[in-house]
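As the structure lists them, so they are numbered: ligands from 1, and atoms in each ligand from 1.
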Amino acid sequence: MRSKLWILITALLLGSTMSAQIGERRKLVLEPKATLKTEPAAWTHAPMVPAPITRKEQRRVVVNWEARETKAEIAPGVIYEDYWAFEGRVPGPVLRVREGDLVEVHLTNNITSMRNHNIDFHFVTGPGGGASSLNVAPGETAVLEARALMPGFYMFHCASPDIPTHIANGMFGFVIVEPAEGLPAADREYYVVQHELYTLNGNKGKQTFSMERGDREDAQYVVFNGAVGSTMGPKALKANLGETVRLWVGNAGPNYISSFHVIGQIFSNVYREGDILSPPGHGIQTTLIPAGGSAVVEFASSVPGTFLLVDHAIFRLHKGAAASIVIDGPKNGEVFDPVTAGAKAMTMSDSDHVAAPAAHDHAAPSMEKPAAPPAAAPRKTVPKKPAKPVSLAYPITSFSAASFPEELEDLKSSVNAMSGNVVIKMLPGAGNYNPDPANSYSSPHVTVRSGSRVTFLNTDDMVHFNKDDKGEFQTPMLKSGMAFSHVFSKPGVYHYTCIPHPWMKGTITVVK
Ligand SMILES: [Cu+2]
């Protein structure tokens with residue numbers, strides 16, 4: 001009797017140990033297919049995300065997608081001729097379903113395609129993730145029904161041979177499978193996908209896929225949402241101060257792991273690898289996203305500004321791996337206070353290059369503010385004469401013509417005039433990587449007559465200094481609001497670049 005009891009206790013203990021090791025299995029009772037109501041599936045193009053699902057029952061959701069071989073501008077002036085896309089865009093759509101839903105996918109391959117295409121859905125339990133069932137020749141349509149069994153944020157991609165080529169050329173998208181109980185609310189949700197492109201070279205014009213570069217894992221471009229600069233400037237993501245921003249971040253690869261980071265933000269929640277069932281990690285600066293995987297990150301900014309989304313394998317910035325989010329709202333000096341407003345950046349200043357007056361927002365010094373160094377600590381070096389007597393730098397406190405120093409009257413002149421003087425503005429945001437010089441300078445390429453004065457005027461909030469390839473001129477460090485002029489006497493083509501920001505390139509052509 002007693003031994004039987006012990007066997008029972010041991011069995012119970014073993015049983016509990018086993019279930020602990022296995023972990024909690026999620027219970028999902030599937031409603032029979034025949035009883036499910038049917039509705040069109042909710043999907044969007046990047047960077048938008050379909051609204052959260054509020055219904056409480058399983059449905060049959062119908063997706064009608066088309067695979068098409070197309071082309072797109074992947075960087076300024078670079079037309080990629082091998083963009084193969086779901087629903088005409090790279091990345092492909094993000095679909096949002098609920099756990100237990102039956103997803104009915106109709107995939108049509110456009111009649112103009114040159115290849116077969118299909119879809120391997122990572123959310124699908126079944127051979128190939130459905131790829132062989134959905135394999136379609138040009139002009140064909142195939143249908144797959146598959147259940148969303150496990151909540152998560154899943155990639156899908158074409159798995160038609162050669163699989164790497166089809167992924168590299170843009171055939172991917174993502175699926176959100178919401179848990180039956182839903183997700184915590186977020187004020188803003190966006191869909192961002194990183195992937196890299198293997199082109200023959202970085203030249204403008206037509207580009208095609210390079211298998212050799214793909215094999216070497218030597219990408220020419222690393223992009224967010226399909227193209228360099230696709231999610232910057234006027235197309236940046238937007239949110240207000242204090243709003244919870246949830247980014248559904250996919251990494252389509254095909255090769256690179258992403259070290260995803262938002263400069264100037266800390267993720268309050270990270271659902272690593274798209275695991276939205278486990279409690280998220282907190283206080284995370286950078287999260288790894290595997291190729292063919294995802295992460296869901298959240299933050300609520302307590303200060304306004306423009307924040308860059310990057311892959312912190314940071315040289316990829318040069319390949320285009322940047323997007324931005326603009327947080328709108330009033331300044332919050334309690335959290336972030338640029339006390340010296342950039343005055344420290346003038347370490348290379350000399351008496352010819354006077355700093356613009358520091359912008360001071362503060363009526364009274366705060367307790368935390370360190371005492372200002374005496375006389376703003378200008379370096380007491382021997383004032384250097386400008387290398388060329390015709391080159392001068394000026395502080396400009398306002399861009400209104402009335403306040404320009406006499407020598408800068410020419411700022412009013414039109415840009416790129418064949419005769420006379422021109423002004424080249426360093427544009428706001430020029431310090432953020434962008435391969436198109438038109439985003440760095442108001443007129444990156446100018447032609448002037450010999451004897452003309454060319455003025456660089458920094459309207460960006462970062463420091464820039466330019467230099468040409470012939471040793472003709474070098475600007476000092478130009479703070480925001482400062483200008484520098486040089487009179488060109490020798491005809492020639494002067495290629496110039498900003499020393500700290502090498503993508504800021506331009507030419508000054510001087511003719512007789
Ligand atoms: Cu394909």
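Of the possible donor and acceptor atoms, none in the side chain of D101 sits under 3.5 Å from a partner among the backbone N and O of Q58.
M171 lies close to the Cu ion (ligand 1), since one of its N, O or S atoms is found at a distance under 2.8 Å.
The atom name of the N/O/S atom in H166 closest to the Cu ion (ligand 1) is ND1.
Salt bridge status for E189 with R96: present, with a side-chain N to carboxylate O gap under 4.0 Å.
The SG atom of C158, the Cu ion (ligand 1) and the ND1 atom of H117 define an angle of 130° (nearest 10 degrees).
The closest side-chain heavy-atom distance from Y496 to F456 is below 4.5 Å.
A donor-acceptor contact closer than 3.5 angstrom is absent between the side chains of H312 and S259.
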